[in-house]
Amino acid sequence: MGKKLLFVYNPRSGRGLIKQNLAEIIDVLTKGGYDVIAHPTQAAGDARETFARMAGEVDTVVCSGGDGTMDEVVDAVMKYAPAMPVGYIPAGSTNDFANSLAISKNMVEAAEDIVVGDIYQCDVGAFNDKHFIYVAAFGMFTNVSYETDQTLKNNLGHLAYVLEAGKQLFNIPSYHIMVDADGRKVEGNYAYGMITNSRLVGGMKNITGRAVDMNDGLFEVTLVHTPTNPIEVNEIIQALLNGAETSLVEKVKAKRVTIDSAEEIAWTLDGEYGEAHTHVEIENRHKELQLFLNRRKPVKLVSPNN
Ligand SMILES: [Mg+2]
């Protein structure tokens, strides 16, 4: 008897890429010894709900879509079946998580790599009662991903995010927050903050810092002070894109981060809306995601400096 595999895919991700590959992916997974139950997501939230409903009936879950679809699946896996191995076949327009781990962009090859069966124990973020796979952020740019519509994302890919982000440079928010990162405390006015476990965010390679390790139990925490003039805006952009030094951008590594504010602050988790909060507790769940990753071929990890 084959093991049961739930294949949850977003048929709209990345220009509907899955359409040309679906039959072959299911064939590869079946040849790999799985009985495949395929579920095209019907709406936002459906990937999460489908896994929650079927967690007790399957041995494995494979997700195909963008980072948002993977976020839903991983959140549900962590809640309902944390030991279950998870496979990822990236199909979105910006796949930071998959690129960080050098998961194949060729969908059939990504499926072939899953059936090899090797597991990579990846860190996962806990965010209050939710989970995220690679980024929790607030402030400037964070509404870019979910405000950029799917048609625009499909047609322009990464450029759609950049265009939307550009518009926001003229309307920079400021939040007064208290941050505790493994006991190191800061308080002040910040325009942007991100807690990441990724070599890329928004397709940008230098933005999370250097020597990023996705299973070291630590996040990279980046906090951007509210700029007060265009020169400071430019300094911040140079720091984020090229790693230039500035006191306007603080970077630390931490396992546990709490952020408190008097006002509610809207968050984004893996590019999806993560609701507004006055208190967030973020914790690195070390090696808790059992991710299929083929480690038998040379891994071309993204170097932090190119
Ligand atoms: Mg890490």
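Indexing begins at 1, ligand by ligand and atom by atom, following the structure's order.
Note: the hydrophobic cluster containing V74 does not contain I114 (ILVMFWY, side chain heavy atoms under 4.5 Å, direct or indirect links). Hydrophobic clustering (side-chain heavy atoms under 4.5 Å, transitive across Ile, Leu, Val, Met, Phe, Trp, Tyr) keeps F292 apart from L289.
Using cut-offs of 30° and 60° on the angle between ring planes, the pair Y192 and F138 is tilted. In this structure, F127 and F132 have perpendicular ring planes: the angle between them is above 60°, well past the 30° mark.
Checked against the 6.0 Å centroid threshold, F219 and Y134 do not count as a close aromatic pair. H39 and F51 have their aromatic ring centers separated by at least 6.0 angstrom.
Protein N/O/S atoms found under 2.8 Å from the Mg ion (ligand 1), listed by chain and residue number: N197 OD1, D213 O, D216 OD1, L218 O.
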